[in-house]
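When a residue number appears, it is its place in the shown sequence, counting from 1.
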Amino acid sequence: MRKKLIQIVHIGKKQLGIDDESWQALLYQQFYQTSTKNVSYINLLQLVKLLQQKGAKIRLPRCANHPLTPIHRKLWATWQTMADKGLIADGSSKALENYVNRLLPETYGAWIQMSPTHVATVLETLKQWNKRIGN
């Protein structure tokens with residue numbers, strides 16, 4: 001799915017006639033990245049929508065419109081709750097991705113693409129973390 005989104009983004013870039021220097025500036029301004037391959041899955045979705053607003057005739061794949069399974073939504077909600085409580089400094093998707101990659105290096109990549117089993121493992125570690133803190 002990630003590769004498909006990157007292809008769609010590059011089609012939009014070509015349609016809009018954006019040169020490489022301007023493209024890198026746009027990516028850096030929006031996502032603090034200079035290459036599409038370093039942009040997270042969720043930010044790729046945002047990038048497609050941004051290109052659409054600028055006039056590109058591209059569409060998200062149907063399965064990208066609702067990419068989160070119920071257990072993925074639970075993980076995201078737990079992460080956001082912990083950020084709201086101040087238990088973690090950064091409640092962003094990228095921070096969650098970094099946490100997941102430290103916890104489960106064999107699943108390196110976007111947390112949104114993890115299997116439900118891996119998501120459950122990460123979710124349990126967050127629950128234990130909450131329990132240790134006393135919340």
Once rounded to the nearest 0.5 Å, what's the spacing between atom [atom1] of [X] and atom [atom2] of [Y]?
{"X": "Leu5", "Y": "Ile58", "atom1": "CG", "atom2": "CD1", "value": "9.5 Å"}
{"X": "Ile6", "Y": "Leu47", "atom1": "CD1", "atom2": "CG", "value": "10.0 Å"}
{"X": "Asn130", "Y": "Gln128", "atom1": "CG", "atom2": "CD", "value": "9.5 Å"}
{"X": "Leu45", "Y": "Asn43", "atom1": "CG", "atom2": "CG", "value": "8.5 Å"}
{"X": "Thr121", "Y": "Leu103", "atom1": "OG1", "atom2": "CG", "value": "8.0 Å"}
{"X": "Gln29", "Y": "Leu26", "atom1": "CD", "atom2": "CG", "value": "6.5 Å"}

Less than 3.5 Å apart, which donor and acceptor atoms pair up between the side chains of residues 13-24 and the rest of the protein, not counting sequence neighbours?
from  : atom 1 : to    : atom 2 : distance (Å)
Lys13 : NZ     : Asp20 : OD1    : 2.9
Gln15 : OE1    : Lys57 : N      : 2.6
Asp19 : OD1    : Ser22 : OG     : 2.9
Asp19 : OD2    : Glu21 : N      : 3.2
Asp19 : OD2    : Ser22 : N      : 3.1
Asp19 : OD2    : Ser22 : OG     : 3.4
Trp23 : NE1    : Thr36 : OG1    : 3.2

key: Residues which pass salt bridge (Lys or Arg N to Asp or Glu O under 4.0 Å) with Lys54, listed by chain and number, not counting sequence neighbours   =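 Applying salt bridge (Lys or Arg N to Asp or Glu O under 4.0 Å) to Lys54 gives none.
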Residues two or more places apart in sequence or in another chain: which of them pass side chain to side chain donor-acceptor pair (under 3.5 Å) with [X]?
{"X": "Thr125", "value": "Tyr99"}
{"X": "Ser93", "value": "Trp111"}
{"X": "Gln53", "value": "none"}
{"X": "Asn98", "value": "none"}

Can you see which heavy atom on [X] is nearest to which on [Y], and at what distance?
{"X": "Ala95", "Y": "Asp90", "value": "CB-O, 3.3 Å"}
{"X": "Gly12", "Y": "Ala56", "value": "CA-CB, 3.9 Å"}
{"X": "His72", "Y": "Val119", "value": "NE2-CG2, 3.4 Å"}

query = Do any N or O atoms from the side chain of Gln80 and from the backbone of Gly91 form a donor-acceptor pair under 3.5 angstrom?
reply =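 Such a contact is found between Gln80 side chain and Gly91 backbone.
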Below 4.5 Å, heavy atoms only, C-beta onward: do [X] and [Y] meet side chain to side chain?
{"X": "Gln46", "Y": "Phe31", "answer": "yes"}
{"X": "Met82", "Y": "Trp129", "answer": "yes"}
{"X": "Leu75", "Y": "Leu126", "answer": "yes"}

inquiry  = Under a plain distance cut-off of 3.5 Å, with no hydrogens placed, do Ser115 and His118 share a side-chain donor-acceptor pair?
reply    = yes
